[in-house]
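Shown next, in structure tokens, is the structure this report addresses.
The analysis underlying the following values was restricted to heavy atoms, covering all of them including side chains, and did not include hydrogens, waters or symmetry mates. The sequence lines fix the lettering, A, B, ..., with proteins before strands; numbering per chain opens at 1.
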Amino acid sequence: MTDASTPLIVGGPAPSDARPDADLLQGLNGPQREAVTYRGQALLIVAGAGSGKTSVLTRRIASLLRTREAYPSQILAITFTNKAAGEMRERVHQLIGQKADGMWISTFHSACVRILRREAEQFGFTKAFTIYDSGDSRALIKRLVKEHEGDSFGLTPAGTQSRISKLKNELADAESYARSANMSDPAERVFVEIFSSYQRELQRANAFDFDDLIAQTVYLFRAFPQVADVYRKRFRHILVDEYQDTNHAQYALIHELTRPVGSDAEPFSVGGMMIFEADPSTGSGTEGGPASLTVVGDSDQSIYAFRGADIRNISEFERDYPGAKVVLLEQNYRSTQNILSAANAVIANNFDRKDKKLWTDVGAGDPIIGFTGYSQHDEAQFVADEIESLHRRGIDYSGMAVFYRTNSQSRALEEIFIRSAVPYKIMGGTKFYERAEIKDALAYLVAVANPADGMAVRRILNRPRRGIGDVTETAIARYAAEHGITFRDALANSAQLGVGPKLQKAIDQLDAVLTEATAVMLPASGELAPSTSVTEGLTLLLTKSGYFDALRASKDPQDEARLENLDELIAVTREFARNNPDGTVIDFLTEVTLVADADDLDDASGSVSLMTLHTAKGLEYDAVFLTGVEEDLLPHRISANEPGGPQEERRLFYVGITRARKRLHVSLAMTRAQFGEVTVAMPSRFLQEIPGDLIDWRQSPGDVNGRGGSQSRALNARGRRPGQPGGGGNRYGDDLVPLPKRAPADPSKFPNRIPAKVRDNGDMVLAAGDRIRHDDFGEGRVDAVTGEGAKRVAHVRFDTVGPKKLLVKIAPIAKL
DNA sequence: CTTTAGACATTTTTT
DNA sequence: ATGTCTAAAG
């Protein structure tokens, strides 16, 4: 196989000179080069954190194109998130320019949507199908659970939804599940009934849920081999990033695509081997041979087992694809040695893994900083102070990130950041597209784009309030069922519903608005809707339905924000039209459903990023703050019962550590308010796994728990245990035992407790030179005041705690 | 049909 | 502590 690179040189455009992709190999180490240049049927790149995996992947694609081994249209690159897909596209574009256009670089879900849209008619859907996000499918499942009285068998909507999702990820349907389930259990029977009616409803609504997008594509390929062959012929090079996070359905999809053309339902390994042995140069243009497959992954970063990711997909890759080449990337180009040593030490505690050690040649770097706060706000204040201090030393805000295990932890951080005037943005979190008003507006669009989708029509039926309630909704549904028409079409026959004249008029009006919008967005066949049609249609829907008026007339102060959100949505439609001149309503809805966040635009905007550890995967920052490193939070309490749970939590911690380039901070709080109650927290077991000499505790758990200062100083392990080489051991002594049972001290004594009500200093006038008193920080002198209006920020030098920034409007301060 | 008060669960992670 | 859901009143 070593001569696989020969055709690369011969086939290139510059035969006598250096290989045409020589520049692409510049600056790469040996294994990286091999990962770029290897040609063969299957390649597994085991890429440790920060080992330049994206660079290798993009250069590999660029190399395939540059050497004319592949047309762009023959390349399918799968990433995990839309953001990663965008980045990869961008980087390939940088390497080889325009030629990159025409590749499919997308997520599993987007790729499947593209395939399904083309083939929908093959199996009972139309091109206009819509996609149910988890909220939509939960709403449907909720209704079905109620209809089947699932609650009396212990079935909750949430539980049912997750079971269905898990089954779909295993490519099981209601029927196949029923065969293996214990059907003498009535609860199982009801579950199967709900599952199958859920599927029936989706089909009737001409809709797929997230899991269906993958699973149904697999079914499509299996049921229609000639359809599958179209894509097998087309995609000659398939590359999958984050392969350790693929679930069974995704794995099966890749398998289907990498079968030899015309192989029908033959077992892959047989067909694959035969072709592979007969003609090792398959892949580049050979008709009929299986596509070449490249997967990149790191089993130490597998953090999605809870939603069906199967680590075996990567660990058994060599068995699935006999003859596969494996390349290991272990040199790390991101972090300092101290950070890597901590990461290596932590992950080494996971048994059942191939030993792998990240290394770097950039030197030890700064020690890891540790801090233990009294409360979550105290911890947040440490983070804010440290961020300010780093910022003053020249690190850009956008180069810093704060990670946490659960979204709810962001609140305390936010509160402190606002008060300290630290610019931040929250990645993920409460999503724009999950807000009620946005979902309403989108439901209006769906009602027009996919009239078969009854859920969407039901949603907007009484939004804004039209006096149409449960009773009327049921009447319409019954009429639709009796006449075999859709819920949407039933609206047109309001006279026959047997409802009062007032209701009849309301229904007519809604029907008219929808019809009018349909004319705008989906003109009669043949005509192409102008690119402004989505913007126009949405504005029309929201205006003529009375949605805008209802919000404007409302007294609820939140409704003003809702109006702004809708304005933003309209702005999104404009942006969409600009980027997709031929984009239809359907395209818009697809993009909006599959692209969870649109917040990557302002990456360089100079704010600190806040996100969960899961969101952090694949990103890197100069300075990282890992917060809430406490038992029951990281590892999370719920993980304790799940098989492999604690190990997955450790990988999560590992992912967090390895995001840091230069500075890593780990912090925790001794008490944490949860469910409105203050609970005592214990340091995470993972902290013990970091060699003590790597952590410089500004304030260790022992300093805080108040059981004698000198003893607890032992926790500040730096330099105190010269005899210890820095691995394993009960370094913290008894500091990890639970905190004293006595109730935590009066919470009001804790620094930085956030008052329930927001303080408002109104237009307090401050100027440089003023002296002030702060509730927590004591007295200080104002150095400068910057910003305008409500965003005025005072830069204060406090006598005891040093310089801080405060948001003047809400800071607990008084002028002296 | 809408409003309201109180019960209730929620906090693991995401396409 | 906060937001969602349910039941009863208007």
Which whole-number value in Å describes the distance from [X] [atom1] to [N] [atom2]?
X: A:D133; N: B:dT15; atom1: CG; atom2: C1'; value: 10 Å
X: A:E648; N: B:dT14; atom1: CD; atom2: C1'; value: 13 Å
X: A:E649; N: B:dT12; atom1: CD; atom2: C1'; value: 7 Å
X: A:L633; N: B:dT13; atom1: CG; atom2: P; value: 11 Å
X: A:R463; N: B:dT2; atom1: CZ; atom2: P; value: 11 Å
X: A:Q161; N: B:dT15; atom1: CD; atom2: P; value: 15 Å
X: A:K617; N: B:dT12; atom1: NZ; atom2: C1'; value: 15 Å
X: A:E473; N: B:dT2; atom1: CD; atom2: P; value: 12 Å

For [X] and [Y], test the side chains for any donor-to-acceptor distance below 3.5 angstrom and give the result as yes or no.
X: A:D209; Y: A:Y198; value: yes
X: A:Q647; Y: A:E649; value: no
X: A:S137; Y: A:Q161; value: yes

Classify the nucleic acid contact of [X] as base, sugar-phosphate or nothing, counting any heavy atom under 4.0 Å across all strands shown.
X: A:L613; result: nothing
X: A:R672; result: nothing
X: A:R637; result: nothing
X: A:S110; result: nothing

* Asked: Can you name the ring pair (Phe, Tyr, Trp, His ring centres under 6.0 Å) partners of A:Y547, sequence neighbours left out?
  ->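 A:Y547 satisfies ring pair (Phe, Tyr, Trp, His ring centres under 6.0 Å) with no residue once adjacent residues are dropped.
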
* Given ring pair (Phe, Tyr, Trp, His ring centres under 6.0 Å), test A:F306 with A:H614 step by step and report yes or no. => CA-CA 12 Å; A:F306 71 94; A:H614 283 85; 5.7 Å; yes

* Which heavy atom of A:Y479 sits nearest a heavy atom of A:A490, and at what distance? ->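 Closest heavy-atom pair between A:Y479 and A:A490: CD2-CB, 3.9 Å.
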
* What are the two closest non-hydrogen atoms of A:H109 and A:Q250, and how far apart are they? ->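 For A:H109 versus A:Q250, the nearest heavy atoms are CE1-NE2, 4.3 Å.
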
Residue-phosphate contact under 4.0 Å: [X] side-chain N/O, [N] OP1/OP2:
X: A:R466; N: B:dC1; result: no
X: A:H636; N: B:dT12; result: yes
X: A:N462; N: B:dT2; result: yes
X: A:S408; N: B:dT10; result: no
X: A:N82; N: B:dT15; result: no

Quick check for you: among [options], whose closest atom lies nearest to any side-chain atom of [X]?
X: A:T615; options: B:dT3, B:dT11, B:dT14; answer: B:dT14
X: A:I638; options: B:dT2, B:dT13, B:dT12; answer: B:dT12
X: A:S134; options: B:dT13, B:dT15, B:dT10; answer: B:dT15
X: A:R405; options: B:dT13, B:dC1, B:dT15; answer: B:dT13

Between protein and nucleic acid, restricted to nucleotides 4-10 of chain C and to nitrogen or oxygen atoms under 3.5 Å apart, what atom pairs and distances do you find?
none

* **Proximity to DNA chain B (any heavy atom under 4.0 Å), residues of residues 296-308 of chain A only** =>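 Within residues 296-308 of chain A, the residues near DNA chain B are A:Y304, A:F306, A:R307.
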
* Aromatic contact, A:F221 with A:Y219 (centres under 6.0 Å) ->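 No, ring centres 6.0 Å or more apart.
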
* Asked: Do the ring planes of A:Y621 and A:F403 sit parallel (below 30°), tilted (30 to 60°) or perpendicular (above 60°)?
  ->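 It falls in the perpendicular class, over 60°.
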
All N/O contacts under 3.5 Å from nucleotides 7-9 of chain B to the protein, with atom names and distances to one decimal?
none

Presence of salt bridge, [Y] and [X], under 4.0 angstrom:
X: A:R463; Y: A:E437; answer: no
X: A:D245; Y: A:R307; answer: no
X: A:K505; Y: A:D508; answer: no

* To do: Decide yes or no for A:F653 and A:V629: does some side-chain heavy atom of the first lie under 4.5 Å from some side-chain heavy atom of the second?
  =>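 SC-SC contact between A:F653 and A:V629 confirmed.
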
* **Main-chain N/O of A:H248 paired with A:D310 side-chain donor or acceptor, under 3.5 Å** =>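 No, because the side chain of A:D310 does not come within donor-acceptor range (under 3.5 Å) of the backbone of A:H248.
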
* A:G467 or A:T107, whichever maps to the more 5' nucleotide of DNA chain B ->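 Result of the comparison: A:G467.
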
* **Residue closer to the 5' end of DNA chain B, A:F108 versus A:T472 (nearest nucleotide)** =>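 First, find each residue's nearest nucleotide; the 5'-ward one identifies A:T472.
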
Using atom names, set out every protein N or O paired with an N or O of nucleotides 4-6 of chain B below 3.5 Å, distance rounded to 0.1 Å.
none

Donor-acceptor pairs are to be reported for all side-chain atoms of residues 141-150 of chain A against protein atoms at under 3.5 Å, with residues two or more places apart or in another chain.
| from | atom 1 | to | atom 2 | distance (Å) |
| --- | --- | --- | --- | --- |
| A:R143 | NH2 | A:E201 | OE1 | 3.2 |
| A:H148 | ND1 | A:L144 | O | 3.0 |

* What distance, rounded to whole Å, do you find between the two P atoms, one in C:dT6 and one in B:dT11? ->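 Per the computed distance, 16 Å lies between those P atoms.
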
* Asked: Does the pair A:E648 and A:R651 meet the rule for a salt bridge (Lys or Arg N to Asp or Glu O under 4.0 Å), with working shown?
  -> CA-CA 5 Å; A:E648 177 146 320; A:R651 289 194 290 269; 3.4 Å; yes

